[in-house]
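In each ligand, atom 1 is the first atom listed, and ligand 1 is the first ligand listed. Below, each value reflects all heavy atoms present in this structure, side chains not excepted, and no hydrogens, waters or symmetry copies. On a predicted model such as this, the values are computed, not experimentally measured, just so you know.
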Amino acid sequence: MALDNLRAFIGAIDAAGDLRRVSRAVSTRLEITEISDRVMKSPGGGPALLFERPTSDGARGSNIPVAVNLFGSASRMALALGVQRLDEVGERISELLNIKVPEGLLAKLAMLPRLAELAKFPPRSVSGRPACQEIVIRGDEVDLGRFPVPVCWPGDGGPYITLPGVITRDPVTGTRNVGMYRIQVTGPRTVAMHWQRHKVGAAHWRAMAERRETMPVAIALGGDPASIYAASAPLPPSIDEFLFAGFLRKEPVRLAKAITSDLDVPAEAEIVLEGYVDPAEPLVMEGPFGDHTGFYSLADLYPQVHITAVTMRAEPIWPHTIVGRPPMEDFWLGNATERIFLPLLKLTLPEVVDYHMPAEGIFHNLVFVSIDKQYPGQAYKVMNGLWGQGLMSLAKLIVVVDKDVNVRDPQEAWWVALNNIDPERDARFTRGPIDVLDHSSRAFTYGSKMGLDATRKWKEEGFDRAWPDRIVMDTETKRRVDAMWRELGIER
Ligand SMILES: Cc1cc2nc3c(=O)[nH]c(=O)nc-3n(C[C@H](O)[C@H](O)[C@H](O)COP(=O)(O)O)c2cc1C
């Protein structure tokens with residue numbers, strides 16, 4: 001059974017012994033961060049936390065608990081998506097991608113159940129009052145100050161909503177997008193929306209601004225864990241995240257009509273902020289914000305969202321995450337994406353065996369790729385291919401190794417790569433779009449990239465020396481030492 005909402009997810013985490021309830025009063029100003037940071041830095045990502053008595057400096061405490069680090073381990077990420085191992089999702093996708101329409105009627109009929117599985121996934125509208133609208137607050141009654149929105153780091157520009165699903169629609173195609181973008185609370189009924197220029201929400205906003213139309217926006221907090229994850233996944237703009245979440249859950253996501261716009265919102269959300277962006281209005285300063293690079297991202301201009309209504313459950317929970325020096329909770333969300341998207345990557349680059357973005361590389365700074373090299377120059381083909389795909393285009397350093405290297409072990413990948421390169425020969429520089437958060441590029445979001453061909457070099461690639469083998473002990477010796485190991489008295 002798929003988990004339908006945040007409280008079910010928290011319940012399942014609790015049942016697995018992986019939740020710590022913090023009943024002592026803790027300030028939303030910095031204290032939640034410091035506690036969560038220590039937890040997230042522990043081996044394996046630490047437990048999930050539920051702060052039951054968040055307080056703020058302005059004396060107004062909140063009776064809304066704050067949940068942190070729900071997705072912050074391999075096992076909780078798997079729990080969120082209803083699998084034992086994240087690779088299972090990738091395997092399901094591979095199976096769907098491998099569908100070849102067979103010859104013969106009987107074989108075709110045998111395929112139907114698999115196709116029917118797809119048809120079950122579209123989001124479904126609920127009838128009656130949805131859970132996310134048990135309480136409805138409209139217009140001037142809205143006061144975001146009553147919610148426990150944390151101030152994460154000392155240099156932050158204000159309180160931040162950090163784990164939302166931001167729902168927008170393409171004005172031309174009508175396709176929905178759900179994106180996870182941090183949101184700064186700037187007033188009782190205003191927020192600043194940090195959708196970066198390469199993201200789909202920003203593209204919708206540019207399209208609306210071009211048409212001079214007011215843009216409806218809904219900000220969902222909570223909902224089923226697969227939908228929360230899907231908001232962070234780099235899906236192509238044509239794919240609705242709620243459809244993808246339905247595929248992950250093997251059950252449709254349930255949606256309800258918003259109260260003040262015609263957007264659909266997750267019926268099972270804890271809280272929904274409804275509002276709009278007026279493209280005629282000047283942008284507002286957003287930031288600084290202690291970011292997942294481990295550095296502050298500087299203040300910059302972003303659109304302001306006016307909140308027209310807040311709808312919520314009678315006793316909502318506030319989902320939150322912190323970002324900062326890695327590793328943090330977002331590593332595990334990104335790690336799920338890495339595993340789930342491997343088969344999709346192989347569709348266009350079939351020689352890719354595996355890839356990995358280690359935590360220190362904060363996703364876009366470092367990508368290790370192993371390939372089944374079959375012809376000279378293939379490492380360059382792969383790095384160029386990666387730089388041509390979606391958010392992979394932002395990758396700053398791509399290191400390509402042979403298929404026998406375990407790229408999920410960065411120590412092994414660096415060890416082999418650094419042995420294998422002649423830097424001048426094997427490094428290639430190119431230019432392209434750079435992540436908004438990169439503080440070092442020559443210009444904002446534009447700069448250079450480096451590819452390292454760390455594969456074994458071939459004669460056809462101009463290498464005419466002998467290439468040595470890795471050192472590996474022979475199995476017979478290993479067997480003899482295994483047999484004598486305990487007698488040696490080395491291990492106590
Ligand atoms: C915790 C967290 C915070 C994020 N914050 C932002 C953000 O502030 N702005 C942004 O553009 N992307 C942010 N991202 C990355 C996007 O969620 C991610 O690129 C996603 O694919 C965007 O969806 P889209 O492709 O539908 O635009 C964040 C991701 C996570 C996990």
Side-chain angles (χ1 to χ4, degrees), residues 33 36-37 40 45 67-72 77 80 150 152-153 156-158 160-170 175-185 191-207 217 219-221 225 227-245 286-294 296-300 302-303 305 319-324 326-338 340-341 344 357 359 362-364 389-395 433-438 445:
T33 300
S36 307
D37 188 27
M40 288 179 195
V68 187
N69 207 24
L70 297 178
F71 295 89
M77 208 46 248
C152 297
W153 295 103
D156 281 6
Y160 269 91
I161 300 169
T162 56
L163 206 68
V166 177
I167 302 162
T168 57
R169 214 175 28 215
D170 185 317
T175 309
R176 179 184 19 241
N177 189 68
V178 191
M180 184 173 286
Y181 317 119
R182 72 168 189 246
I183 300 164
Q184 183 178 356
V185 175
V191 298
M193 178 62 71
H194 184 260
W195 45 43
Q196 298 159 0
R197 67 194 322 173
H198 306 114
K199 308 301 170 72
V200 181
H204 288 180
W205 166 62
R206 285 193 296 269
V217 176
I219 299 163
L221 292 158
S227 291
I228 300 175
Y229 157 72
S232 78
L235 295 170
S238 56
I239 297 183
D240 173 8
E241 279 77 3
F242 288 142
L243 178 76
F244 183 60
E286 189 271 354
F289 179 68
D291 225 311
H292 86 130
T293 54
Y296 283 100
S297 41
L298 305 178
D300 203 352
Y302 279 89
V305 183
H320 179 63
T321 188
I322 56 159
V323 294
M328 288 284 199
E329 181 177 5
D330 66 331
F331 169 75
W332 299 102
L333 286 161
N335 190 56
T337 291
E338 186 185 283
I340 291 170
F341 282 67
L344 295 169
M357 294 175 273
I362 53 163
F363 310 122
H364 55 267
Q389 306 220 10
L391 290 183
M392 266 295 176
S393 64
L394 305 178
I434 295 284
D435 195 278
V436 164
L437 303 184
D438 188 288
T445 67

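- Protein heavy atom at the shortest distance from atom 21 (O) of ligand 1 is A233 O, 3.1 Å.
- Closest to atom 26 (O) of ligand 1 by heavy atom, among L391, D240, N177, T337, is N177.
- Atom OG1 in T168 sits 12.5 Å away from atom CH2 in W205 (nearest 0.5 Å).
- For the atom pair D435 CG and L394 CG, the distance stands at 5.5 Å (nearest 0.5 Å).
- Protein heavy atom in closest approach to atom 20 (C) of ligand 1: S232 O, 3.5 Å.
- A donor-acceptor pair is defined here as one N or O able to donate and one able to accept, closer than 3.5 Å; no such pair exists between the side chain of Q196 and the backbone of V436.
- Note on ligand 1: E329 sits outside its first shell, no heavy atom being nearer than 4.0 Å.
- Atom CG of L333 and atom CG of L163 lie 7.0 Å apart (nearest 0.5 Å).
- We find that D170 and R176 are not joined by a salt bridge, their nearest charged nitrogen and carboxylate oxygen being 4.0 Å or further apart.
- Heavy-atom distances between A231 and ligand 1 reach below 4.0 Å in at least one pair.
- Across R182, R197, R176, heavy-atom proximity to atom 5 (N) of ligand 1 is greatest for R182.
- The closest donor-acceptor contact from the side chain of D240 to the backbone of F242 lies under 3.5 Å.
- Protein heavy atom in closest approach to atom 25 (O) of ligand 1: V200 CG2, 3.7 Å.
- Of the protein's heavy atoms, H194 O, 2.7 Å lies nearest to atom 9 (N) of ligand 1.
- Summary of contacts: the protein heavy atom closest to atom 1 (C) of ligand 1 is T321 CG2, 3.7 Å.
- A distance below 6.0 Å separates the ring centres of H194 and Y302.
- Taking the six-membered ring for Trp and the full ring otherwise, the centers of H320 and Y160 sit at least 6.0 Å from each other.
- The backbone N or O of H292 sits nowhere less than 3.5 Å from a side-chain atom of D330 that would complete a donor-acceptor pair.
- Between Q196 and ligand 1, at least one pair of N/O atoms sits closer than 3.5 Å.
- Annotation: atom 14 (N) of ligand 1 to nearest protein heavy atom, M180 O, 3.2 Å.
- Under the side-chain contact (heavy atoms from CB on, under 4.5 Å) rule, M180 has a single partner from I228, T162, V166, which is I228.
- The protein heavy atom nearest to atom 27 (O) of ligand 1 is Y181 OH, 2.6 Å.
- Annotation for ligand 1: atoms under 4.0 Å from non-hydrogen atoms of E241 are 26 (O).
- From the protein, the heavy atom lying nearest to atom 19 (O) of ligand 1 is K199 NZ, 3.0 Å.
- Listed by number with element, the atoms of ligand 1 under 4.0 angstrom from any heavy atom of L333 are 31 (C).
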